[in-house]
Amino acid sequence: MEEKTFKWRHLLLWALFLGGMAVLPQFVGKGTLRTIIFANYLAIFAMSWDVLSGRTGYISFGHPFLIGIGAYTTAILSYRFDVPVGLSIPIAVVVTMVAGTLFFLPALRIKGTYFALVTLAFMELMYQLVQVIRPDLTGGTRGISGVQTLTRGAVNGYYLSLSLMAVIAVSLWAMMKTRLGTALSAIGMNEESVEGSGLNTTKLKLFAFMVGAAVAGVGGAFYVHYLGSIAPRALFDINFLFTIIVAALIGGASTIIGPMAGAFFLTFLLEYLRPILPGAERYFIYGGIALVLYMYQPKGLYEILRQARQTFADRRS
């Protein structure tokens, strides 16, 4: 398999994007910054889902399970046992990877609809367990409030979420440019051919899952310390799962920029629909928009932008 190569043009585009995002607080209000903060975290969740499902084609419906493990672990450690946040977050990431692997490793040996259903069952199981097992620790149905926050104010929260998203995005982008990233993408196209080439697809899928779990654990841990609270009804809500998957798909699965673009698109779309449809009805609207967009271009916003850039370059030449 041919290894993808770095291009200095791509590094320059990353630098321009992050540079533009860094000066954004000088031009927008705090309300917009708070919306972007949620978009940043959604981008992290979408990228973590895309590492496994977007690359290998194993569609997971249990991603909030991983996010929840990371969020609840650091919340319980820091709030109930006064563990410093600088220690509780790394522990939460490790627990997410270990616990997620123990639950999902058997599921990686099955394919298609069965894999999706098993992962969905894990999410529902987690939702039920945090409400009935040791509610003195998890807070039961009410969850936990008063969790220590890492920053104060919209600007500081924005820079923290942006830095976190940037580090994760660039790291995943660099990893996917290696032979390992090429092999993961090849599994999604034809797993039998990858096995025929002598590669162990189970180990590759496990690696992809562990990377996705680590990113989900990091995102979940930092997210709960941004909100200052956690509740099972919000974290394991089907709309939350739906938003993560749709962000990755309409942005462009099997890419890094795609899930980020999809996350920003959906976050701002939902925010603009809120004054018109304050209830859950707005999810039907954005679901319809996402469906039309996906039918028009299955490869998502990433491919639309790429084609537009190519068309512009052809006209200039």
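Position 1 is the first residue of the sequence, and the numbers go up from there. Just the heavy atoms: all of them, side chains too, but no hydrogens, waters or symmetry mates, feed the values below.
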- Query: For the residue pair Tyr58 and Phe209, is the inter-centroid distance of their aromatic rings smaller than 6.0 Å?
  - Reply: no
- Donor on one side chain, acceptor on other, Asn156 and Thr151, under 3.5 Å: no
- Test salt bridge (charged side-chain N to carboxylate O under 4.0 Å, His left out) applied to Arg80 - qualifying residues, sequence neighbours left out: none
- Using the ring of each side chain (for Trp, its six-membered ring), is Phe17 parallel, tilted or perpendicular to Trp14, with breaks at 30° and 60°? perpendicular
- Residues that, via side-chain heavy atoms closer than 4.5 angstrom, fall in one hydrophobic cluster with Val98: Val94, Leu102
- Message: Main chain of Ser185, side chain of Arg55: is a donor-acceptor contact present, judged purely on distance under 3.5 Å?
- Response: no
- Query: What are the two closest heavy atoms between Ile44 and Gly219, and how far apart are they?
  - Reply: CG2-CA, 3.9 Å
- Task: Mark yes or no for whether Thr96, through its side chain, and Gly70, through its backbone, hold a donor-acceptor pair below 3.5 Å.
- Result: yes
- Task: Test Tyr79 against every option in Thr74, Ile144, Leu137 by the side chain to side chain contact (heavy atoms under 4.5 Å, CB included) rule and name the one that passes.
- Result: Ile144
- For Ala208 and Thr56, which heavy atoms make the closest approach, and how far apart are they? CB-CG2, 4.5 Å
- Counting only N and O atoms by type, is there a donor-acceptor contact under 3.5 Å from the side chain of Thr178 to the main-chain atoms of Met175? yes
- Spacing of CG belonging to Leu293 relative to CD1 belonging to Ile250, to within rounding of 0.5 Å: 5.5 Å
- Query: Going by the side-chain hydrogen bond (donor to acceptor under 3.5 Å, both in side chains) test, which pairs reach into residues 121-148, not counting sequence neighbours?
  - Reply: Glu124-Gln128, Arg134-Asp136
- Can you name the closest pair of heavy atoms from Thr73 and Ile69 and give their distance? OG1-O, 2.6 Å
- Query: Got a donor-acceptor contact below 3.5 angstrom from the Ser161 side chain to the Tyr158 backbone?
  - Reply: yes
- Query: For the side chain to side chain donor-acceptor pair (under 3.5 Å) test, which of Asn200, Thr201, Asn190 pairs with Glu195?
  - Reply: Thr201
- Judged by atom type as modelled, is there a donor-acceptor pair below 3.5 Å linking the side chain of Thr119 to the main-chain atoms of Phe61? yes
- Query: So Phe38 and Tyr226, would you call those rings parallel, tilted or perpendicular, with 30° and 60° as cut-offs?
  - Reply: perpendicular
- Message: Less than 4.5 Å apart, side chain to side chain, heavy atoms only: is that true for Leu164 and Asn40?
- Response: no
